[in-house]
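In what follows, a structure is listed as structure tokens, so that the remarks can point back to it.
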Amino acid sequence: MQLESMYQEIILDHYRNPHHKGLREPYEAEVHHVNPTCGDEVTLRVHLEGVGDDAVIADVSYDAMGCSISQASASVMSDLVIGKSVKEAMVIQDEFLELMQSRGQGEPDEDVLEDAVAFAGVSKYPARVKCALLAWMAWKDATARALGEAS
Amino acid sequence: MQLESMYQEIILDHYRNPHHKGLREPYEAEVHHVNPTCGDEVTLRVHLEGVGDDAVIADVSYDAMGCSISQASASVMSDLVIGKSVKEAMVIQDEFLELMQSRGQGEPDEDVLEDAVAFAGVSKYPARVKCALLAWMAWKDATARALGEAS
Amino acid sequence: MTLLPEEIKKDFPLLSRTVRGGRPLVYLDSGATSQKPVRVLDAEREFYERHNAAVHRGAHLLAEEATDAFESARSTVASFIGAAPGEIVFTKNATEAINLVAYSLSNAATAGPEAERFKVGPGDEIVVSEMEHHANLVPWQQLCRRTGATLRWFGLTDDGRLDLDDLDELVNERTRLVALTHQSNVLGTIPPIEPIAARARQVGALVLLDAAQSVPHQPVDVTALDVDFLAFSGHKMLGPSGVGVLWGRRELLEAMPPFLTGGSMIEVVRMEGSTFLPPPQRFEAGVPMTAQAVGLAAACDYLTELGMDKVHAHEEALTAYALERLGDIPGVRIIGPTTTEARGGAVSFVVDDLHPHDVGQVLDELGVAVRVGHHCAWPICRRYGIPATTRASFYVYNTLADVDALAEGVRHAQKFFGTV
Amino acid sequence: MTLLPEEIKKDFPLLSRTVRGGRPLVYLDSGATSQKPVRVLDAEREFYERHNAAVHRGAHLLAEEATDAFESARSTVASFIGAAPGEIVFTKNATEAINLVAYSLSNAATAGPEAERFKVGPGDEIVVSEMEHHANLVPWQQLCRRTGATLRWFGLTDDGRLDLDDLDELVNERTRLVALTHQSNVLGTIPPIEPIAARARQVGALVLLDAAQSVPHQPVDVTALDVDFLAFSGHKMLGPSGVGVLWGRRELLEAMPPFLTGGSMIEVVRMEGSTFLPPPQRFEAGVPMTAQAVGLAAACDYLTELGMDKVHAHEEALTAYALERLGDIPGVRIIGPTTTEARGGAVSFVVDDLHPHDVGQVLDELGVAVRVGHHCAWPICRRYGIPATTRASFYVYNTLADVDALAEGVRHAQKFFGTV
Ligand SMILES: Cc1ncc(COP(=O)(O)O)c(C=O)c1O
Ligand SMILES: Cc1ncc(COP(=O)(O)O)c(C=O)c1O
């Protein structure tokens, strides 16, 4: 059974007990993203401290509706990026994106991705890759907007 | 060779020496018909004497551009209908239409169709049936209009 | 069962394949697209290998044969729904068929006096329902945007039926067209067309049915339905992809302005302007989906031989069984009617504490192909306050054992995620 | 010859059939539609028998495979013309592709600020030419009718070329779009795109090429052509019927309002209104012609293996020979360029005192399939004062012997009708 390789315990844990969930103040940017094929939605806020690439991600808060993969991914993502500089977080995002596009062939760097390595199995299922990326894309969009407003 | 069955001598004669060709006065109705697939055109006038079905077709005159089949058909048609009553001519038209739709299976009545029996071979070629019918349809249309105006 | 699905399955090469590590395929996604019998594939291939040519454009033998094949496909499709061949317009799918009507209405504004009766503008209303597929909703939203007309809609009752309480108010003197699904692809619901069509007649509104899910699954006769337009797709009724149908009442098609323009739909072309052929050619610009029309006719023949009454009865039996088996599972809730009355074989459901994507994933792993999401009818999800559903949909080749596999798969998903 | 047409013919089942009492078929009507190699038919069938499902709509294995097949077909087609996959929109034929752009321009009027730059209205001009196929003429006539814009056109020189004398006057500050054939289906002419596109750039006009006859017959690279849109059909390039392509520059597609609307092209749908996906999905409403896109990709692969340079050289050789053989016949006049310079392989001609229909009939009787009539480009006939032409058009499977059969057939027709 391949199910276990997709739904690793880490993913199910984050799904059942999502971290950083709920919309909080303060924030510089809020975005709403949807997955048009299934209707999954996320509203996500970013709060930065500092300017430009060196700004620190002080908080990521979100409200999300969706499957286990999209929920767990939002939780893992916020764990990973909160406290990092935008520059560092973008590296993680790139690495995660690459893993998701690897069609099961990726060799994730656990030092960079931490819990997010658990999503390696998802990359074998093209239709679910969008679920795993939903919150990441929302975060990237919100961060770009927050930086745009700061400049 | 099947060509001879389509291009009977009668047809080629009418093609080379079309009867009643040229636009003449007087007339009660003039129509312009085209064959949209090949661009063949006919402008046709009808001159009736009398009213209703019993009116006599005093003249059919036309100007036509097109292939041997459409030219010969216009010539044969005008030969056949001029001098007949509208009622009689409609019977001939029906008979001709039926022959053309017979896909080579029709048994034309030579007493009714006279020279037009020569078109039996054309009915085997669906793309050419429209050529053979062009002038007939124009005549029918013009006659209906002429009667409409008379009433 | 009325049909012998085990026998029928043998006609469908794809259904014998295995998935996900050798599991037999249980295909329960015919609502999205159906599989194709060998006969349909052979008909297309035979056309390409023997008769392929551009239709209505040539005088040589192949062109004659291709034109004959295409026009005889039109006749077959026409008979299948009790229509005349001249009322059948081939499109690429149901979506194009519906857009064709919507654009004809806005094109009427600049199409001259003949098209006057189709003109739509501010103050006019178009009526749809909350259970429409996006294909029968967005084109009307866009028509309203282009013309300034207003979109209104029937709501839904809690048990998945059209709410007709407001019928007389909703469909009124301002209504120009009522566009309704003939069978919901999510709820399975078959709305009562008669009272709606009667009311539309009363106020002089046109009626268009989205028959994408009805023509494949129930006997449909356009002379019995008192409506004006019907749209459906070939790929949902055992036919090829790339072909759909618009049926329209002859006198309407005669008066409607063209939509797509180009070759084969013109009468006379001058640089300064053009005139157009009568229907159906007026609406079929360009070289058409010839082989696909031929394939669709073969699909109609196949279904006719099975008998559409039997097809419907077969699906009713499967639906009844599915409603029962799924209904027995604690935590499963059917979205849509829970009996087979006025209902087709699309069965949507939600599972407590489980997202449809996750249910679908477990089923897929077990070889059971269902669809998850909003099924291109997002407003239904909003209406019932759910993010999405899992949908099983049946066809001639499905068996009771397929339904068992579905129910067992749902239980397995519950166990896997520990929700029971 | 550059290609080995006798070998190639073996890949095309239809070409081995006989016609009219056992005569071998000489197919010289590829300009209308091409025949299909076994590989294309197999690719379609393999898709139906193994991977058929609705694309972009499902999460099960078949849906994944079908989506992969469809998107990889998009990549193949994109490479074939040097484009990015995201710039390729699948349509049902070239005609729909051109209509898509024409309707996007009129839809811009009500589509919000993003689409502002596409708005067309009174005072604006659209420029075409007198050698356009109806598919690249009537949609622009209709656009002008919908919006009040003015249609203008390039005339033709006596030897079948575009008359560019008025270029700077015709394409001016009022010009919004220039829509031109990239290779005439009647005259064979390949117009000089460069100066026209340069002038269009200068005045800020868009350029659309009707590439229905160029992409199948010559190497086409959209990065080399400085244009905005390209439209072509699968069925003319060895692919299935029912699939065509619109290529558009990404930034334009991004800003263009949708045309056909429905499922798979939406982002969010509410009863009150909807938002749309980025291109290419925005322009692909409904279940697409999936198997046909897969077949078209197989056709691209086949042509790529032959080499488009060689395809072009092969046709040039056939055209040169045809111009020579036909030119030798007293009473035959070529309509279009009489040399192979800037010219493709559509050879139209008239025969003194013989109507094209009659020439075509004799040729058909001899097994030679050509097209007769106005070839969906009626204004060309008016321009040259002729009712119609006979047209031979060549492709990869044609031989010099096919040209001989044509020339002999024309002589036979002259003899039969006694005109020589
Ligand atoms: C030059 C040209 N443009 C456009 C078309 C239209 O192509 P289709 O009928 O496949 O849409 C054709 C072929 O008919 C053509 O030859
Ligand atoms: C009810 C309904 N209407 C319309 C459509 C649209 O059909 P297509 O995508 O084939 O155009 C579908 C299927 O997707 C449907 O289920």
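As the structure is a computational prediction, the values presented were derived from the model and not from experiment. Convention: sequence-line order gives letters A, B, ...; per-chain numbering from 1.
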Side chain, backbone, both or neither of [X] within contact of chain C (heavy atoms, under 4.5 Å):
{"X": "D:L137", "answer": "side chain"}
{"X": "D:E272", "answer": "both"}
{"X": "D:A109", "answer": "neither"}
{"X": "D:S30", "answer": "neither"}
{"X": "D:D210", "answer": "neither"}
{"X": "D:L25", "answer": "side chain"}
{"X": "D:V243", "answer": "neither"}
{"X": "D:H51", "answer": "both"}
{"X": "D:Q35", "answer": "both"}
{"X": "D:Q142", "answer": "side chain"}
{"X": "D:P288", "answer": "backbone"}

Between [Y] and [X], is the closest basic N to carboxylate O distance under 4.0 Å?
{"X": "C:D11", "Y": "C:R39", "answer": "no"}
{"X": "D:R50", "Y": "D:E46", "answer": "no"}
{"X": "C:R17", "Y": "D:E65", "answer": "yes"}
{"X": "C:D42", "Y": "D:R45", "answer": "yes"}

Can you tell which of [options] has the highest number of heavy-atom pairs within less than 4.5 Å of chain C?
{"options": "D:V372, D:T290, D:V287", "value": "D:V287"}
{"options": "D:S16, D:G244, D:S241, D:S106", "value": "D:S241"}
{"options": "D:G273, D:A59, D:S264, D:A32", "value": "D:G273"}
{"options": "D:L363, D:V128, D:V268", "value": "D:V268"}
{"options": "D:L14, D:T95, D:L260, D:L151", "value": "D:L14"}
{"options": "D:T91, D:V19, D:N107", "value": "D:N107"}

Main-chain N/O of D:A377 paired to D:H375 side chain as donor or acceptor, under 3.5 Å: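 No, the answer is negative, given that no donor and acceptor are paired below the 3.5 Å cut-off.
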
Relative to chain D, which of [options] shows the most heavy atom pairs under 4.5 Å?
{"options": "C:V370, C:N93, C:N52, C:T33", "value": "C:N52"}
{"options": "C:A102, C:P258, C:P240, C:S233", "value": "C:P240"}
{"options": "C:V40, C:I98, C:T110, C:T261", "value": "C:T261"}
{"options": "C:P13, C:G148, C:G360, C:A94", "value": "C:P13"}
{"options": "C:F259, C:F12, C:W140, C:F276", "value": "C:F259"}
{"options": "C:A63, C:S274, C:A293, C:G367", "value": "C:S274"}

Taking the side chain as everything from C-beta on, heavy atoms only, tell me whether [X] gets closer than 4.5 Å to [Y].
{"X": "C:W153", "Y": "C:P379", "value": "no"}
{"X": "D:K92", "Y": "C:E96", "value": "yes"}
{"X": "D:H60", "Y": "C:Y27", "value": "yes"}
{"X": "C:K36", "Y": "C:H235", "value": "yes"}
{"X": "C:M131", "Y": "C:I380", "value": "yes"}
{"X": "D:R391", "Y": "D:D29", "value": "yes"}
{"X": "D:E44", "Y": "C:E44", "value": "yes"}
{"X": "D:M265", "Y": "D:L277", "value": "no"}

Is C:T150 close to chain D through its backbone or its side chain, or both, or neither, when contacts mean heavy atoms under 4.5 Å?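 For C:T150, no heavy atom lies under 4.5 Å from chain D.
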
C:L61 versus chain D, the contacting section by heavy-atom distance below 4.5 Å: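 Both backbone and side chain.
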
Restricting to ring-ring contact (aromatic ring centres under 6.0 Å, His included), what partner residues turn up for C:H134, sequence neighbours left out?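 C:H374.
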
Applying salt bridge (charged side-chain N to carboxylate O under 4.0 Å, His left out), which residue pairs with at least one partner in residues 128-149 of chain D are found, sequence neighbours left out?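 As it turns out, there is no salt bridge (charged side-chain N to carboxylate O under 4.0 Å, His left out) pair with a partner in residues 128-149 of chain D once direct neighbours are skipped.
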
